[in-house]
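Here's the structure we're looking at; comments come further down.
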Amino acid sequence: MKSDISNASFDPGSIETGLYTEWEQSDYFAPRGNGAGYCILIPPPNVTGTLHMGHAFNQTLMDTLIRYQRMKGKHTLWQMGTDHAGIATQMLVERQLQQEGVSRHDLGREVFTDRVWRWREESGGVISSQIRRMGSSLDWSRDRFTMDEGYAEAVLTVFERLFDENLIYRGQRLVNWDPELRTAISDLEVENSEEQGHMWHFHYPLNDGLTTQDGASYLTVATTRPETMLGDTAVAVHPDDERYQHLVGGSVTLPLADRAIPVIADEYVDREFGTGCVKITPAHDFNDYEVGQRHNLPLINIFEPDATLNENVPGKYTGLSREDARKAVVDDLEADGCLGETKPHKLMVPRGDRSDAIIEPLLTDQWFVRIKPLAEPAIEAVEKGDIEFVPKQYENVYFSWMRDIQDWCISRQQWWGHQIPAWYDGDGNIYVAADEDRVREKYGLDESTELVRDPDVLETWFSSALWPFATLGWPEETPELDKFLPSDTLITGHDIIFFWVARMIMMTLHFTGKIPFRTVYIHGLVRDAEGQKMSKTKGNGLDPLDFIDGISLDDLVAKRTTNLTQPQMAPRIEKATRKDFPEGIPAYGTDAVRFTFCALATTGRDVKFDLNRVEGNRNFCNKLWNATKFVLTNTENVDLTGVPAPSLVDRWIISKTHQLIKDVEFALATYRFDIFAQKIYEFAWHEYCDWYLEFTKPILWDESVDSAQKNEIQRTLLTVLEALLRVAHPVMPFITEVLWSSVSERLGISAETIMLQEFPDAREFAHDPEAEAPIEWLKGVISAIRNIRGEADIKPSQTIPLLLQAGETGDRDRAREMESMLARLANVENIQWLDDNEDPPPNALSMVGNLKVMVPLAGLIDVDAELARLTKEIDKLNADLERISKKLSNENFVQKAPADVVDKERQKALDLEARSQALTEQRDKVAAL
RNA sequence: GGGUGUUUAGCUCAGUUGGGAGAGCGACGGCCUUACAAGCCGUAGGUCGCAGGUUCGACCCCUGCAACACCCACCA
């Protein structure tokens, strides 16, 4: 992309828009070249979703690695794909229908799913365009959807094989039931939260004249779920509990229901807790279910799928909601004199992660994956180190879950998703194959057998689990499977380790015999600046696109307050928004946002997202822009022929470039995206711009300097900048592309894009300690003068004379050599060397090593201010000196510490002492004035 | 109840095998110096959560405690 940057100021929107389309149309994102394969799996976003902070963070890291590896010459694939997101998508469309006043049942299954497909067509483009706006270099040509034809084939094949291997079964089990969505969900989809409730004590009258030890004619049970008592089928006590042993085998009458239920003994009961008597409701509690199994208790299901009470309870309760039934039961028990004490009680309430409805354990027929046999090899793969987690401690999280894994409920009573490929005949026999024809063929059934297909669908994560191989053409044997499986790095948040990562490992190992990926990089979750989870309900969410492209305050308020699940929050959200963003949010651009995410990606902790960081990094982009502008306007006539003969400052910045490349490569190899960003920032701003560009000015602008010398500087300005842009490209693709096109042209490089250039090689930039030392010395002297200026309040525009004295051998030559830079960067004139025995005029002194840097007072300097500055400096030195002397006078230290450490400390003490002494003498002189 | 992580400058966070406490933002002071005021120069902030231990030496290793965060778990 060609654009004239010499007169323009930095405007992210104008350079970023359009560039992505050019890249994509030029097919730069597709795998290319003969290098080794490198592949990253994208966690497929919901097809009907919109980009959120998690995506932006996640994709920044993935794209940084992908672009880096592509530049390293790898045959790189980052494949695009989206997820059908069963429950989430169905809920969304159902909500739309609700606004139209119809339900999915009014439409019927086929019309409804057609409607979802249509919605997917309409809205699927949103997330794609947002991902493009992030600059993510995904291979769109291989875009997959978890319900496209080939993918569906993979899903059906997996289901059938697992069924045939007896690893999938159908059974009646107590499952987590979401009464609002009216479907089963898996253990992982249940979120437990502590909520305030009550503990009720009920009296169940003993039968046959039995009494307790203290003479009561009833047993007292405690419960947090009064309404479930209507389904009780026993009361349990601990077998060794002396208080109740004599009652075991007897019975009580269940009030309200007026049934006799047995008193049983079971180890499950905790004698210490409550009264030591537990009501047992096998059909509505996971523990009670187990107890019921052990004692052959009947199961009485008292709930309809929507959690209203059914006909298995006394008629007056039938049809009531859980909440109403609870109240009625408590009231009626009280009226009957069966209610004991009631007290507030904190309890864990299970809620559906999608619906937020309270989950009900319910006895239903569901499909399960027998997971243990799949888990074992998956555990082993991580134990052996074939798969590695970064950071390492997540392996323990993985192990602890995998070793205690429970069978996986995969059927959902929904319409949107992969319908389960199982058919039933009139006798309830089960047949599994991809479609009905294949069922008949496989099981030898003719048309006389009537088959009905199971109406349920598979949960979304069942199909996502196949992502590593289903996207590459499995069950066909494709070249892609060969090249890109296993993939290299999986980058994801810790919230989906169980949902997705573990299941991919199990499924991929089982069906391909290969691991799905070598490294799992786990990043933190994105929170707001206060560390709160971002959520629509709280109204503290930020849409990445809003600070990439900017948004007005009114638009932001509108966005945050529409479609709220709790509309009453709107005023509060509006107020907070107007306070936080009085001017709306400016457009910071994608590069700044990506750079920020990288900088925040320290290992293993959540990130608090702060827009101030984005602003700072936008400024960094601006810095790069202007530096390039400077370089371009000062290198117009550069001559690139001949062998480079870099000067000392050139050699210094080249050596720094060498170090930069080594540092960033190490950072990426160890997944330290924060260090990667930090090194680039540090080098570009504080070495290249702050120092090197300033060093070049006196040379470039001095008419007495010969053109050959200028040319070397110009050449280095360009080559270092060109390398820097390539180093930074993985994290800030847009601005580097634009700047690079001009810089590379100046260097005679003809190439269409930076993204297919090689990543810089450290060996092409000489490591040069002999150039670094004098330049660091020069920086020290300049800083010393600036310090005197700052502290003594000498105007920058005031040119001052400079005196130098003492110092190391060679300092004198250095000073002469770099006089022009010293003069310009510190605005000094008449640099004068004094012999060691010469007595300097009254002056302000600063020490650089042993070198005395002096600015004559001569009416320039306030004596009191100078005394204060010296005192401060001396105090600092003396504090250091004291600490070191103490160390050195410790015999143990001198004897036991390594000799080189001791020598170093001794040398340090000598230096400090000399400097302190010089400054102290100086203070006396100034004081005497 | 079990587990993991965090605790360093006003804020957000680095600190690689134990050997002189750092950055960004913010604050303060000074500058329109011909790339950039989205900038430049300078300055000030920290008994590194607490208490012990190991060591010549601890932000770093060990033990205990505290606070916060998150994950897992069936306590009626």
Side-chain angles (χ1 to χ4, degrees), chain A residues 6 9-10 192 199-200 221-225 236 268-270 272-281 285-290 345 347-348 391 393-394 396-397 400-401 404 494-495 497-498 524-525 527 529 531 586 588 592 599-600 602 604-610 612-613 615-634 666 670 672 674-675 678 681-682 686 689-690 693-694 697 701 782-783 786-791 793-797 824-827 869 872 880 883-884 887 890-898 900-902 904-905 908 912:
Chain A
S6 57
S9 56
F10 173 59
N192 294 297
M199 174 86 86
W200 287 272
V221 297
T223 184
T224 55
R225 300 278 324 264
Y268 156 68
V269 179
D270 180 349
E272 310 299 319
F273 191 90
T275 59
C277 297
V278 187
K279 65 189 268 304
I280 301 297
T281 323
D285 182 283
F286 289 99
N287 293 312
D288 293 5
Y289 181 81
E290 299 292 324
H345 181 74
L347 71 162
M348 296 300 272
Q393 70 259 21
Y394 283 107
N396 291 328
V397 177
S400 65
W401 187 68
D404 190 35
H494 54 71
D495 51 335
I497 293 178
F498 306 145
L525 272 27
R527 296 165 180 283
Y588 293 122
L600 291 172
T602 57
R605 61 197 284 167
D606 290 351
V607 303
K608 290 187 196 174
F609 192 85
D610 188 346
N612 289 325
R613 295 291 297 263
E615 184 180 348
N617 291 326
R618 187 272 317 260
N619 295 350
F620 177 58
C621 292
N622 183 54
K623 190 78 180 173
L624 277 181
W625 178 273
N626 285 300
T628 303
K629 219 158 107 175
F630 171 85
V631 172
L632 290 174
T633 54
N634 283 286
F666 183 73
T670 52
R672 290 301 303 266
D674 58 326
I675 294 177
Q678 185 201 322
Y681 188 100
E682 165 71 22
H686 298 305
C689 290
D690 284 353
L693 290 190
E694 297 304 323
K697 286 176 183 175
W701 297 347
I782 292 168
S783 295
R786 286 175 178 171
N787 173 274
I788 292 173
R789 273 184 182 282
E791 295 289 292
D793 211 12
I794 304 171
K795 283 199 169 178
S797 53
R824 184 186 157 86
L825 271 56
N827 195 17
R869 189 184 67 83
K872 198 165 69 181
D880 273 0
R883 189 172 41 78
I884 291 173
K887 216 177 197 181
N890 180 345
E891 271 181 46
N892 281 324
F893 173 72
V894 178
Q895 276 172 18
K896 296 190 182 173
D900 59 317
V901 173
V902 177
K904 214 168 100 187
E905 294 295 313
K908 232 185 305 186
L912 285 170

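Model, not experiment: these values are computed from the prediction. Atom set for the values below is all heavy atoms of this structure, side chains included, hydrogens, waters and symmetry mates excluded. Chain naming here is simple, since letters A, B, ... match the order of the sequence lines and numbering starts at 1 in each.
Residue contacts for A/Val269: at a heavy-atom cut-off of 4.0 Å it reaches a base atom on one of the strands shown. Among the atoms of the strands shown, base atoms are found under 4.0 Å from some heavy atom of A/Tyr268. No contact: A/Glu615 has no heavy atom under 4.0 Å from any strand. Residue-level contact check: A/Phe286 touches neither bases nor backbone, having no heavy atom under 4.0 Å from any strand. Within the nucleic acid shown, A/Tyr394 has no heavy atom closer than 4.0 Å to any nucleic acid atom. Counting any heavy atom pair closer than 4.0 Å across all strands shown, A/Arg883 reaches sugar-phosphate atoms only and no base atom. Among the heavy atoms of the strands lying under 4.0 Å from A/Arg618 is at least one base atom, whether or not backbone atoms are also near.
As rounded to the nearest Å, B/A14 and B/C28 have P atoms that lie 27 Å from one another. Across the C1' atoms, B/U6 and B/C13 are found 12 Å apart, a figure rounded to whole Å. As rounded to the nearest Å, B/G39 and B/G22 have C1' atoms that lie 24 Å from one another. Rounded to a whole angstrom, the distance from the C1' atom of B/C50 to that of B/G45 is 23 Å. Using atom C1' as the reference point in both B/A58 and B/U8, the two lie 14 Å apart (nearest Å). Comparing B/A23 with B/G46, their P atoms are spaced 15 Å from each other, to the whole Å. Rounded to the nearest Å, the gap between the P atom of B/U7 and that of B/C41 is 32 Å. Going from the P atom of B/C60 to that of B/G29 covers 38 Å, rounded to whole Å.
Protein atom CD of A/Glu272 is 22 Å distant from nucleotide atom P of B/C74, rounded to whole Å. Computed from coordinates, the A/Ile788 CD1 to B/C41 P distance equals 17 Å when rounded to whole Å. If you measure from atom CG of A/Asn787 to atom C1' of B/A44, you get 13 Å, rounded to the nearest angstrom. For A/Ile675 and B/U16, the CD1 to C1' distance is 8 Å, given to the nearest whole Å. Rounded to a whole Å, the CD1 atom of A/Ile782 is 11 Å from the P atom of B/C41. A/Trp625 has its CH2 atom 17 Å from the P atom of B/G39, to the nearest Å. Atom CZ of A/Phe498 and atom P of B/C72 are 6 Å apart (whole Å). In this structure, the CZ atom of A/Arg672 is 11 Å from the C1' atom of B/C13, given to the nearest Å.
Taking a pair as Watson-Crick or G-U with both hydrogen-bonding distances under 3.5 Å, the stems of three or more pairs touching RNA chain B are B:1-7 with B:66-72, B:10-13 with B:22-25, B:27-31 with B:39-43, B:49-53 with B:61-65.
Of the inter-residue distances, the one linking A/Lys629 atom NZ with A/Asn622 atom CG reads 8.5 Å to the nearest 0.5 angstrom. Between atom OH of residue A/Tyr588 and atom CD of residue A/Glu615 there is a gap of 4.5 Å, rounded to the nearest 0.5 Å. With rounding to the nearest 0.5 angstrom, the CH2 atom of A/Trp401 is 10.5 Å from the CD1 atom of A/Ile497. A/Trp701 contributes atom CH2, which lies 5.0 Å from atom CZ of A/Arg824 (distance to the nearest 0.5 angstrom). If you take CD on A/Gln678 and OG1 on A/Thr602, they are separated by 11.5 Å, rounding to the nearest 0.5 Å.
Each of A/Glu791 and A/Phe666 has a nearest nucleotide on RNA chain B; the 5'-most of these lies closest to A/Phe666. When each of A/Asp674 and A/Arg786 is assigned the nucleotide of RNA chain B with its nearest heavy atom, A/Asp674 is the one assigned upstream, toward the 5' end.
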Do nucleotides 2-8 of chain B as a string where each nucleotide becomes B, S or -: B if the base has a protein heavy atom under 4.0 Å, S if just the sugar-phosphate does, - if no protein is that close. ---SSS-
Protein within reach of the bases, or only the backbone? For nucleotides 52-57 of chain B, mark each nucleotide 5' to 3' as B, S or -, using heavy atoms under 4.0 Å. ----B-
With B for base contact, S for sugar-phosphate-only contact and - for none (protein heavy atoms under 4.0 Å), nucleotides 23-35 of chain B reads -S------S---B
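The 12-atom threshold is not exceeded at NZ of A/Lys904, counting heavy atoms of other residues, nucleotides or ligands nearer than 6.0 Å.
Salt bridge present: A/Asp880 and A/Arg883 bring a charged side-chain N and a carboxylate O closer than 4.0 Å.
Taking the side chain as every heavy atom from C-beta outward, A/Val902 and A/Asp900 never approach each other to under 4.5 Å. Two residues are said to be in side-chain contact when any heavy atoms from C-beta on lie closer than 4.5 Å; A/Glu791 and A/Lys872 meet this criterion. Using a 4.5 Å cut-off on side-chain heavy atoms (C-beta onward), A/Tyr289 and A/Thr281 make no contact.
With A/Asp606 contributing its side chain and A/Leu525 its backbone, the two residues share a donor-acceptor pair below 3.5 Å. In this structure, the side chain of A/Arg786 does not engage the main chain of A/Ala826 through any donor-acceptor pair within 3.5 Å. Looking only at distances, a side-chain donor or acceptor of A/Asn827 sits under 3.5 Å from a matching main-chain atom of A/Pro796. Using modelled atom types, no side-chain atom of A/Arg869 and backbone atom of A/Asn787 make a donor-acceptor pair closer than 3.5 Å.
OP1 or OP2 of B/A14 sits under 4.0 Å from a side-chain N or O of A/Thr602. OP1 or OP2 of B/G20 lies within a sub-4.0 Å distance of a side-chain N or O belonging to A/Lys908.
Taking all atoms of both residues into account, the shortest heavy-atom contact from A/Leu912 to A/Ile884 is CD1-CD1, 3.7 Å. Considering every non-hydrogen atom in both A/Ala592 and A/Cys621, the closest pair reads N-SG, 4.0 Å. Between A/Phe10 and A/Arg618 the shortest heavy-atom distance is CE2-O, 3.9 Å.
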Report each atom pair, protein N/O against N/O of nucleotides 9-11 of chain B, whose distance is under 3.5 angstrom.
none

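Anti is the glycosidic conformation of B/G52, whose angle departs from 0 by more than 90°.
Relative to the six-membered ring of A/Phe630, A/Lys697 meets both conditions, a distance below 6.0 Å and an angle of at most 45° to the axis.
Applying the side-chain hydrogen bond (donor to acceptor under 3.5 Å, both in side chains) test to A/Asp285 and every residue at least two apart in sequence or in another chain returns nothing.
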